[in-house]
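Report on the following structure.
Every number for a ligand or one of its atoms is a count from 1 in the order of the listing.
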Amino acid sequence: MRFPYPPRPLQRQTLGLMERALEGGHLVLQAGTGSGKTVCALYAALTQAEEEDRVVLYLVRTNSQQRQVMLELRKLGPFGIALQGRQRLCLLAEDRHLGPGSADELSHFCRDRKEEVLAGKEGCRFFRGLLEGDGEAMRRWVQETHPTAEEARAHFRAQGICPYELNRVLASQARMITAPYVYFFEPNLRRTLLETLARPPEDVLLIVDEAHNLPAHCRDVGSFRVSAKAVERAEKELMDYGDPEVAEGVSAFDLLEIVAGGLRDLAAEYVIEEDGFLPPLALEGRAMQEFAITTSQLRGMLGSLAAAGEAIREVRRRTGSLPRSHTLGVAQNLLRWMTTEDLAYAKLILGGERPALHAYCLDPSWVAEPIRACHASLHMSGTLAPLEEYRDTLGLPPDTLLRAFPSPFPPENRRVVYRDHVTTRYQELHETPEAMARLRDEVRILLRDCRRNTLFLFPSYRLLESFLDLRRESQVPVFVERRGMDQAALMRSLDAFRRSTAALFAVVGGRVSEGLDFPDRELEVVVLVGIPYPKPTAALRALVRYYDWKFQKGWEYGVLAPTTRRLLQCMGRLIRSERDRGIVIILDRRAPLFKRALGPMVLTEDPSRAIREHLNPPETVRVASP
Ligand code: SF4
């Protein structure tokens with residue numbers, strides 16, 4: 001196998017580091033867009049995998065990342081598979097218009113249909129197509145084409161063959177598998193994946209792309225909720241399928257009514273802004289009092305509720321529907337809620353129209369534990385700093401290699417300036433009218449002077465919405481990423497923004513600030529309206545407390561680290577190639593706190609002038625001046 005491009009000096013260094021880690025360690029690498037880290041990781045890992053008969057597992061967050069991996073693999077050659085779940089690849093579920101199903105529901109549905117085929121009944125025609133087709137021709141096509149999941153799906157649909165089952169058959173022969181994160185971090189899916197690969201974890205060389213997303217992903221996998229919406233669905237299900245007793249004189253519906261009422265009351269009592277801490281047994285105590293029962297009797301009732309849910313699921317299964325039961329889901333999560341005592345969980349109540357219990361997983365390291373069972377792992381992103389926090393949060397070993405490479409683009413192409421008389425500090429902004437007036441003035445002037453495509457990023461929709469009236473004073477069109485906007489409408493706005501000289505209002509952490517590219521003149525100025533600290537929710541307070549206890553670094557790991565990564569993400573929209581030139585204006589006096597991670601920044605008295613000076617080279621200014 002040959003490296004497919006003439007390697008640049010930075011890529012040689014990257015390859016060297018990766019090869020060292022792949023001998024049996026872990027590497028956390030920050031390297032920006034344009035550094036070629038995807039092809040370096042694939043080349044280094046595949047070379048080692050071929051020498052030592054291992055398998056490369058390349059984890060991605062989005063379909064476009066997975067596509068990029070397959071495109072690079074085509075240049076390298078080895079046999080690779082792009083795995084996706086049944087949610088995307090089950091052709092029968094699509095034909096029968098079954099709607100969105102969970103991985104577990106589709107797995108049961110699929111198993112039944114395959115058993116029907118094997119028993120000589122109709123079952124799934126795509127599975128029959130797989131059994132009766134020319135397996136060697138299928139394998140050859142996949143091996144030679146290196147298809148993306150979408151390409152494989154389209155190709156095999158036309159032949160009446162199930163791409164999901166075919167992938168599972170071929171995966172054990174592949175040298176590289178690329179799959180969404182969830183396939184490795186959700187315990188049931190990981191078990192299936194390793195069975196499919198027919199490999200122990202020690203044979204796996206793991207690559208995590210866009211790794212800055214991994215801690216939050218692992219927290220999500222470890223967390224769970226019981227929402228009023230789920231309880232409503234379960235109640236409706238009981239009305240449709242029957243309402244059995246869960247204890248003498250208590251029906252399943254009665255029990256769910258207590259839960260629904262408890263959620264509403266607890267939300268009213270404990271939620272501040274969007275969530276709140278719950279005292280021990282807050283919900284359980286209500287049910288125990290209402291029915292005059294003990295904790296173990298309540299568990300018994302929930303066990304009966306789960307049994308009622310299983311019966312519903314069985315009925316649906318027999319009729320060929322997705323084997324789903326909301327009643328079962330609510331019962332299982334309530335039982336889990338009652339038995340979750342771990343320090344690594346915060347028990348919260350979420351507010352809003354439909355409140356929810358939220359068991360928030362504070363420690364993603366136990367979800368990430370399987371990483372340590374792999375032979376080696378490479379974690380890569382353009383925005384991973386601070387690297388120590390990433391290593392510690394995920395529980396990677398202390399000897400993990402940590403490296404941050406500078407951007408491969410000329411550093412003088414990007415300038416960062418900040419204003420020191422404004423801030424979005426919550427108390428100041430809400431308690432001092434002059435603070436808000438000063439911030440609005442800054443945005444007003446920047447809109448008035450806007451001559452370059454400018455992205456204004458606000459820390460929240462609420463703040464963004466309070467600036468919308470300033471659009472009237474703008475000389476250029478102002479597009480807005482609105483709360484809950486559908487994807488097509490957002491793309492239309494972005495297309496219009498890219499084609500004109502305009503401003504765009506969006507939020508940090510939204511779809512615009514992460515993952516979208518604006519090359520060349522499509523974006524030349526990013527205005528950060530304040531530092532995007534996480535909201536001071538109960539969940540955040542619990543996280544800070546936990547990291548104080550575990551690392552004595554609550555503020556650094558709970559607040560500063562995610563804020564730094566958000567800032568890096570926002571600023572990353574600006575420079576995507578060697579030719580790009582751009583300027584970042586930070587409207588917050590707290591900006592210098594992040595100098596170490598963001599690089600040089602200077603104070604400015606006049607942001608509009610700073611923009612002109614950076615984006616108009618001096619010769620141009622002279623020629624353009626009267
Ligand atoms: Fe769906 Fe494939 Fe299973 Fe058929 S065999 S039910 S198409 S996943």
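- The number of heavy atoms from other shown groups lying within 6.0 Å of CZ (R264) does not exceed 12.
- Screening residues 205-231 for ring pair (Phe, Tyr, Trp, His ring centres under 6.0 Å), with sequence neighbours left out, gives Y181-H217.
- Looking only at distances, no side-chain donor or acceptor of Q48 sits under 3.5 Å from a matching main-chain atom of R54.
- Atoms of ligand 1 lying under 4.0 Å from at least one heavy atom of L91, given by number and element, are 7 (S).
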Contacts under 3.5 angstrom, residues 129-139 side chains, donor-acceptor by atom type, not counting sequence neighbours:
{"residue": "D134", "atom": "OD1", "partner": "E136", "partner atom": "N", "Å": "3.1"}
{"residue": "D134", "atom": "OD1", "partner": "A137", "partner atom": "N", "Å": "3.1"}
{"residue": "E136", "atom": "OE1", "partner": "R139", "partner atom": "NE", "Å": "3.4"}
{"residue": "E136", "atom": "OE2", "partner": "R139", "partner atom": "NH2", "Å": "2.9"}
{"residue": "R139", "atom": "NH1", "partner": "Q143", "partner atom": "OE1", "Å": "2.2"}

Pairs of donor and acceptor atoms involving the side chains of residues 151-160, under 3.5 Å and at least two apart or interchain, shall be tabulated with distances.
{"residue": "E151", "atom": "OE1", "partner": "R74", "partner atom": "NH2", "Å": "2.8"}
{"residue": "E151", "atom": "OE1", "partner": "T148", "partner atom": "N", "Å": "2.9"}
{"residue": "E151", "atom": "OE1", "partner": "T148", "partner atom": "OG1", "Å": "3.4"}
{"residue": "R153", "atom": "NE", "partner": "R88", "partner atom": "O", "Å": "2.7"}
{"residue": "R153", "atom": "NH2", "partner": "E94", "partner atom": "OE2", "Å": "2.6"}
{"residue": "H155", "atom": "NE2", "partner": "Q159", "partner atom": "NE2", "Å": "3.0"}
{"residue": "R157", "atom": "NE", "partner": "E94", "partner atom": "OE1", "Å": "3.4"}
{"residue": "R157", "atom": "NH2", "partner": "E94", "partner atom": "OE1", "Å": "2.5"}
{"residue": "R157", "atom": "NH2", "partner": "D95", "partner atom": "OD1", "Å": "2.8"}

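- Atom 3 (Fe) of ligand 1 has C110 SG as its protein N, O or S neighbours under 2.8 Å.
- For the residue pair S102/D104, the side-chain donor-acceptor check at 3.5 Å is not satisfied.
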